[in-house]
Amino acid sequence: MKSIILPSLIFLVAMQGTATTPLESAALDIARRSPAVIADRARIDATAEQLAADNSLKGPEVDFDYKFAAKKGIDNRWGFSVGQEFDWPGVYTARRQAARQQVGALELLYRQTLADKTFEARQALVDLVAARQRASLLAQVEKAYNELDSVYDRAYRRGEITVIDARKLKLQIFSCRVRLATEQAAAEAAEATVKALMAYGGTTIPEDIELPAVEKPAPYETYRAAMMQNNPGLKAMNTLCAAAASEVTVARRAALPSFKISYAHDLEENIHFNGFGLSISLPSWAPAKGVKAARARAIIAESEETDYRLRTMAELTNAYSTASKLANTLDGSNELFGDDYPALLLKSLNAGQMPLYKYLDEYGSFIDAKLEYINLRADYTKALGALQRYTIYYGD
């Protein structure tokens, strides 16, 4: 049991930080410069200031009056008062608590936006790396075919091979050029997508980005525990539920009477009068309806939290299943796609142990398999990115 718990604890600790591979670092760097992330950061600051302003005391009220005497010989009268209105005790505390929870929820939603944009940038970078690898592979194939074509072209002119052999090789070269052009266009499109995400980060894309090694994911329960502990979106929904519950308390206390204390000074018949006033505003029907509305919003927040948790759990399960299946599919396949096999094929061809058509068929099958291998590696990396999207808490 200890052998299972210890790796899980290590994994949970690792999930609280950010990965340090060039792929993860580049994706996070792009995300932090995303307009959506920057807008969320500004939205938090604006909301916090607005909530603080809404929970401040109203400005004092100053009244002044002047009465003109109807008959001569009678002095005019005047007076002024300064008053301050207060809500019922406890309202300000309840609002402050609700505001703190709302700002906390926005902070967590900002973290989730950062995770989402990091995921988006990561997937775009994976597409770019895979397209570059496919284009690089096909460029190598085209080069090998061209070198072989120069040899066979001379042999054809000397009458040592048939036109069928010479034509077959040239057809393979043409097919390779078409595929290479397609992959080069895909690489350019992927690079444009990445640059579009780098709105405030220039246009430099790191060249040392590689697809990670294929390893079987940790047990599913480890990822589930990491999501429950780290996922900022889930934490935000929980905080929003608490904020909605606090809003019920605010609405209930706001329905209580407010009061006003004022100081008054009057001048009447050349006599100065000083005094104070106390007034209470009685509750109306509107605050009671506000309590009902706040309760309804609390129910909405709880339902949205449940919906988000279930959807996120389903997406995590799907990503884990995909990553596990791809890891099993790719298990032990890395050594199949080295440069030794094409070299052996060419050696057999040069030694006369294999005819040209057989060489082209075998080499073409190898290239098709390696292109599929690159695609599966990219899909596996994307599945890992989906797992990180729900299990890593991206801090500052």
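In what follows, every heavy atom counts, from backbone to side chain, and hydrogens, waters and symmetry copies are set aside.
Tyr308 contributes atom OH, which lies 6.5 Å from atom CG of Leu234 (distance to the nearest 0.5 angstrom). Rounded to the nearest 0.5 Å, atoms CG (Leu114) and CG (Leu109) are 12.5 Å apart. Distance check, rounded to the nearest 0.5 Å: CD of Glu302 to CD1 of Ile300 gives 11.0 Å. Rounded to the nearest 0.5 Å, atoms SG (Cys241) and CD (Glu304) are 8.5 Å apart. Atom-to-atom distance recorded for Gln97:CD and Arg100:CZ is 4.5 Å, nearest 0.5 angstrom. In this structure, NZ on Lys143 lies 13.5 Å from CG on Leu180, to the nearest 0.5 angstrom.
Under 4.0 Å is where a charged nitrogen must lie from a carboxylate oxygen, and between Glu315 and Arg389 no such pair does. At a threshold of 4.0 Å, the pair Lys195-Glu191 counts as salt-bridged, since one of the basic side-chain nitrogens sits closer than that to a carboxylate oxygen.
The closest donor-acceptor contact from the side chain of Ser365 to the backbone of Asp361 lies under 3.5 Å. Judged by distance alone, with hydrogens and angles left aside, the side-chain atoms of Arg122 form a donor-acceptor pair with the main-chain N or O of Thr381 at under 3.5 Å. Remark: side-chain polar atoms of Asn146 are paired, donor with acceptor, to backbone N or O of Glu142 under 3.5 angstrom. Using modelled atom types, one side-chain atom of Thr182 and one backbone atom of Val178 make a donor-acceptor pair closer than 3.5 Å. When atom types are taken as modelled, the side chain of Asp266 and the backbone of Phe273 share no donor-acceptor pair closer than 3.5 angstrom. A donor-acceptor pair is defined here as one N or O able to donate and one able to accept, closer than 3.5 Å; no such pair exists between the side chain of Ser324 and the backbone of Ser321. With Ser175 contributing its side chain and Leu171 its backbone, the two residues share no donor-acceptor pair below 3.5 Å.
Residues Met313 and Met228 meet the side-chain proximity criterion, which asks for heavy atoms closer than 4.5 Å. Inter-residue side-chain proximity for Arg134 and Asn375 is flagged as met; some heavy-atom pair is nearer than 4.5 Å. Residues Glu61 and Lys260 form a side-chain contact, since some pair of their non-hydrogen atoms from C-beta on lies under 4.5 Å apart. Two residues are said to be in side-chain contact when any heavy atoms from C-beta on lie closer than 4.5 Å; Leu240 and Glu305 fail this criterion. Side-chain contact between Met354 and Leu344 is absent, with no heavy-atom pair separated by less than 4.5 Å. Contact annotation: the side chain of Tyr341 never approaches that of Leu336 to less than 4.5 Å [non-hydrogen atoms, C-beta and beyond]. Side-chain contact between Tyr359 and Leu148 is present, with heavy atoms from C-beta onward closer than 4.5 Å. Glu210 is not listed as a side-chain neighbour of Leu23, based on a closest heavy-atom distance of 4.5 Å or more.
The aromatic rings of Tyr373 and Phe337 sit parallel to each other, their planes meeting at less than 30°, with 60° as the upper class boundary. Relative ring orientation between Trp78 and His265 is described as tilted, the plane-to-plane angle lying within the 30° to 60° band. The aromatic rings of Tyr263 and Phe80 sit perpendicular to each other, their planes meeting at more than 60°, with 30° as the lower class boundary.
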- request: Assess whether side chain to side chain contact (heavy atoms under 4.5 Å, CB included) is satisfied between Thr306 and Leu310, documenting all intermediate values.
  value: CA-CA 6 Å; Thr306 301; Leu310 293 176; 4.0 Å; yes

- request: Report the C-alpha separation of Arg309 and Asn238 in whole Å, then their side-chain angles, then the decisive distance to 0.1 Å, and conclude whether the side chain to side chain donor-acceptor pair (under 3.5 Å) test is met.
  value: CA-CA 10 Å; Arg309 176 165 40 82; Asn238 291 331; 5.9 Å; no

- prompt: After noting the C-alpha distance and the side-chain angles of Arg111 and Lys235, does the key distance pass the side chain to side chain contact (heavy atoms under 4.5 Å, CB included) rule?
  reply: CA-CA 10 Å; Arg111 299 297 170 190; Lys235 289 183 176 181; over 6 Å; no

message: Evaluate Thr222 against Thr391 for side chain to side chain contact (heavy atoms under 4.5 Å, CB included), listing each step before the verdict.
response: CA-CA 10 Å; Thr222 303; Thr391 55; over 6 Å; no

message: Before you tell me yes or no, could you show the steps for Asp40 and Arg43 under salt bridge (Lys or Arg N to Asp or Glu O under 4.0 Å), namely the whole-Å CA-CA distance, both residues' side-chain angles and the distance that decides it to 0.1 Å?
response: CA-CA 5 Å; Asp40 268 14; Arg43 188 176 295 111; 2.4 Å; yes

field: Evaluation steps, side chain to side chain contact (heavy atoms under 4.5 Å, CB included), between Glu49 and Asp45
entry: CA-CA 6 Å; Glu49 293 296 332; Asp45 297 337; 5.6 Å; no

task: Start with the C-alpha gap between Thr317 and Tyr220, add the side-chain angles, then the distance that decides, and say whether side chain to side chain donor-acceptor pair (under 3.5 Å) holds.
output: CA-CA 8 Å; Thr317 302; Tyr220 172 75; 2.8 Å; yes

field: Pair Tyr223-Tyr390, ring-ring contact (aromatic ring centres under 6.0 Å, His included): steps then yes or no
entry: CA-CA 9 Å; Tyr223 285 95; Tyr390 301 115; over 10 Å; no

task: Apply salt bridge (Lys or Arg N to Asp or Glu O under 4.0 Å) to Arg77 and Asp65, showing your working.
output: CA-CA 8 Å; Arg77 300 175 181 177; Asp65 64 271; over 6 Å; no

query: Please walk me through it: do Glu107 and Arg41 pass salt bridge (Lys or Arg N to Asp or Glu O under 4.0 Å)?
result: CA-CA 8 Å; Glu107 179 69 33; Arg41 181 74 266 171; 2.9 Å; yes

Stepwise salt bridge (Lys or Arg N to Asp or Glu O under 4.0 Å) check, Asp379 with Lys325: CA-CA 11 Å; Asp379 292 340; Lys325 290 178 180 178; over 6 Å; no

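Residues Leu387 and Leu376 are members of one and the same hydrophobic cluster, defined by side-chain heavy-atom contacts under 4.5 angstrom among Ile, Leu, Val, Met, Phe, Trp and Tyr. Both Leu211 and Leu125 are assigned to one and the same hydrophobic cluster, defined by single-linkage of ILVMFWY side chains at heavy-atom distances under 4.5 Å. One hydrophobic cluster, built from ILVMFWY side chains closer than 4.5 Å, holds both Val129 and Ile30. Note on Met237 and Met227: same hydrophobic cluster, where clusters join Ile, Leu, Val, Met, Phe, Trp and Tyr whose side-chain heavy atoms are under 4.5 Å apart, directly or indirectly. Under the 4.5 Å side-chain contact rule for hydrophobic residues, Ile44 and Val37 share a cluster.
Contact detail for Ala26 and Ile209: the closest heavy-atom pair is CB-CD1, 4.0 Å. In this structure, Cys176 and Leu138 approach most closely via the heavy-atom pair SG-O, 3.5 Å. Heavy-atom minimum distance, Thr21 versus Glu24: OG1-CG, 2.9 Å. When all heavy atoms are compared, the tightest approach of Gly385 to Gln123 is CA-OE1, 4.4 Å. Taking both residues in full, the closest heavy atoms of Ala242 and Gln101 are given as O-OE1, 3.1 Å, listed atom of the first, atom of the second, then distance. Heavy atoms only, all atoms of each residue included: Leu169 and Asp149 are closest at CD2-CA, 3.3 Å.
Summarising the local packing, CZ of Arg311 is surrounded by more than 12 heavy atoms from other residues, nucleotides or ligands at distances under 6.0 Å.
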